[in-house]
Amino acid sequence: MKIGKVRLVILVITMMMLNLSSCSAWFGNKRKSGRNYILPDEAMSSRPSLMNHAAGSSIVFPIYGNVYPVGFYNVTLNIGQPPRPYYLDVDTGSELTWLQCDAPCSRCSETPHPLYKPSNDFVPCKDPICASLQPTDDYTCEDPNQCDYEIKYADQYSTLGVLINDVYLLNFTNGVQLKVRMALGCGYDQIFSPSTYHPLDGILGLGRGKASLVSQLNSQGLVRNVIGHCLSSRGGGYIFFGNVYDSSKMSWTPISSIDSGKHYSAGPAELVFGGRNGVGSLNIIFDTGSSYTYFNSQAYQALITLLSKELNRKPIKAAPDDQTLPMCWHGKRPFRSLNEVKKYFKPLTLSFINGGRVKPQFEIPPEAYLIISTYPC
C-alpha cells in the first residue's frame, strides 16, 4: 500500500516506550517484601512469617492495550468478596485506585463489567490515607466515619466518591496467593470528556502518595516500594510491584525527589535529535495515564527547528485544518513502508543528567513520533 504524507505528532508515544519494548522501574522506601492460598485474617496474623516466605518476590500483572490506535493500557485486578475481575487504566500520575461504583451511581459511563458493589467497611475521615487525598491539611468531615474524595485529572475527567476497604486477590511470583485488604475508591459520580473516554471499570493509581496501591502493599510489609513496567511498541507488556522482575531488560536512572510532588520524575533531561543538542533542563514526568508524551513550547519549537534543518529540501508545513496533528511533511513520492520514512527522520533522544553526569539515554524512534497519513498536507 502506498502512503502519501508523514504527520508530525509532537505528542510523542508514551515515555515508557523504547524501540520494540522498554522497561522502567521506580524505587521508593527500601522495605523488605513477599500458590499458597491465605485468607485475610490469616494474612494479617502471620505477617512476619509471610514476609520471610515472600522475600524476593513480586506481583506481576499483564498489560493490555497500545498507544495507537487504542490509546491506553489496562490491567485486570480481582477485587471484592468473592473476587470479581475489573479492567483498570494504569496511571502512575495519580495515586488512588477506584472503581465505578453502584452506591448507587449518579453518573457512570459504560463499563466492561457490572458496576462494583461496595463493601460496608468505610475508611474514617481522619485516616492518613484519606488525608492524603484532600486538597488541604485542614479539611473538614461531614461524617467522621466516612472519607469523601474528589479527584480531577488533567484531561478534564473527574470522579467523586467515598473511600472503602475491600479485598484484593493477588498472586506473587513465588507462588503465594493472598487476599489483601486495602483502601480503594467507590466512584459514584464521574465526569468525562467523550474524546478521552475509555471503556474501563476504573483507574489503577500508582503515584507516590499513601493511597497508592503499591504504597499500601509496602506499608503492610508485603512488597518493596518499587514499581516497574515493560511496554511493547506492538502493544501489551507487564507491570510489577516489589522486587525487580526480569532485571536484564531494565534501564536505570534515579528518580528525583525534588519538584515532582506525587509524580515520578528522573530530574532534568536534555532533548537531542540526530546527535545534536536540542534543549536542556527539561523536567520529565512519567505518567502512564497519558497516552502520549507532550513537550512544552520551548522543546517543541526546538524540535521543529532541528527537523526543519534536517529536511531543508522539503520543508515541514503547518496543518491548521487538523488541530490534533499540527505539522506535516511529505516526500518526493508516496511511502511504501515505515522503513522508507526512517531514511529521512532520525531518533529523538532524552539524556537524563544527574550530578553533572549523563545517565542512560531514552531513545524515541521515528515510528514513535510520526503518524503516516493520507490526509492532504
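Computed from a prediction, not measured in an experiment: that's the story for all the values here. When reading the values below, keep in mind they use all heavy atoms of this one structure, side chains included, and skip hydrogens, waters and symmetry mates.
- Formation of a donor-acceptor pair under 3.5 Å by the T111 side chain with backbone atoms of H113 is found in this model.
- The cluster map of Ile, Leu, Val, Met, Phe, Trp and Tyr, joined by side-chain heavy atoms under 4.5 Å apart, puts F122 and Y168 in the same cluster.
- The disulfide (SG to SG under 2.5 Å) analysis of residues 139-184, with sequence neighbours excluded, yields the pairs C125-C141, C130-C147.
- Under the 30°/60° scheme for interplanar angles, the aromatic rings of Y153 and W98 are found to be tilted.
- Ring to ring, Y87 and Y64 are not that close: their centroids are 6.0 angstrom or more apart.
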Requested in this report: Decide side chain to side chain donor-acceptor pair (under 3.5 Å) for S119 and N165; before the verdict, give the C-alpha distance in whole Å, the side-chain angles of both, and the deciding distance to 0.1 Å.
Outcome: CA-CA 7 Å; S119 73; N165 293 301; over 6 Å; no
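- In this structure a side-chain-to-backbone donor-acceptor pair under 3.5 Å is present from E95 to K210.
- Below 30°, between 30° and 60°, or above 60°: for Y369 and F345 the angle between ring planes is above 60°, a perpendicular geometry.
- Between the side chain of S109 and the main chain of P199, no donor-acceptor pair closer than 3.5 Å is present.
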Report task. Go through the steps for N171 and Q177 under the test side chain to side chain donor-acceptor pair (under 3.5 Å), then give the verdict. Result -> CA-CA 5 Å; N171 295 313; Q177 186 181 70; 2.7 Å; yes
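- In terms of modelled atom types and a separation under 3.5 Å, the side chain of Q190 and the main chain of G202 share no donor-acceptor contact.
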Query raised in the report: So D166 and Y116, side chain to side chain donor-acceptor pair (under 3.5 Å) or not? Walk me through it.
Result: CA-CA 11 Å; D166 209 340; Y116 169 69; 2.5 Å; yes
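- Residues S57 and N243 bring no donor and acceptor atom of their side chains to less than 3.5 Å of each other.
- Enclosure of atom NZ in K117 is not indicated, since only 12 or fewer non-hydrogen atoms of other residues, nucleotides or ligands lie within 6.0 angstrom.
- Separation of atoms CD1 (I239) and CG (L204) is listed at 6.0 Å; rounding is to 0.5 Å.
- Residues W329 and Y344 bring their aromatic ring centres within 6.0 Å.
- We find the CG-CG distance between L133 and D148 to be 11.0 Å, quoted to the nearest 0.5 Å.
- Under the 3.5 Å distance criterion, the side-chain polar atoms of T349 are left unmatched by any main-chain donor or acceptor of E363.
- The OG1 atom of T97 sits 6.0 Å away from the CG atom of L206 when rounded to the nearest 0.5 Å.
- The line from CD of Q100 to CD1 of I203 is 9.0 Å long, rounded to the nearest 0.5 Å.
- The distance from atom CZ of F172 to atom CD1 of I59, rounded to the nearest 0.5 Å, is 3.5 Å.
- Linking ILVMFWY residues whenever their side-chain heavy atoms come closer than 4.5 Å, directly or via other members, places L170 and F241 in the same cluster.
- Remark: Q216 CD to L222 CG distance equals 11.0 Å, nearest 0.5 Å.
- Under a 3.5 Å cut-off, the side chain of T305 and the backbone N or O of Q301 do form a donor-acceptor pair.
- For the residue pair S215 and N218, no side-chain donor N or O sits within less than 3.5 Å of a side-chain acceptor on the partner.
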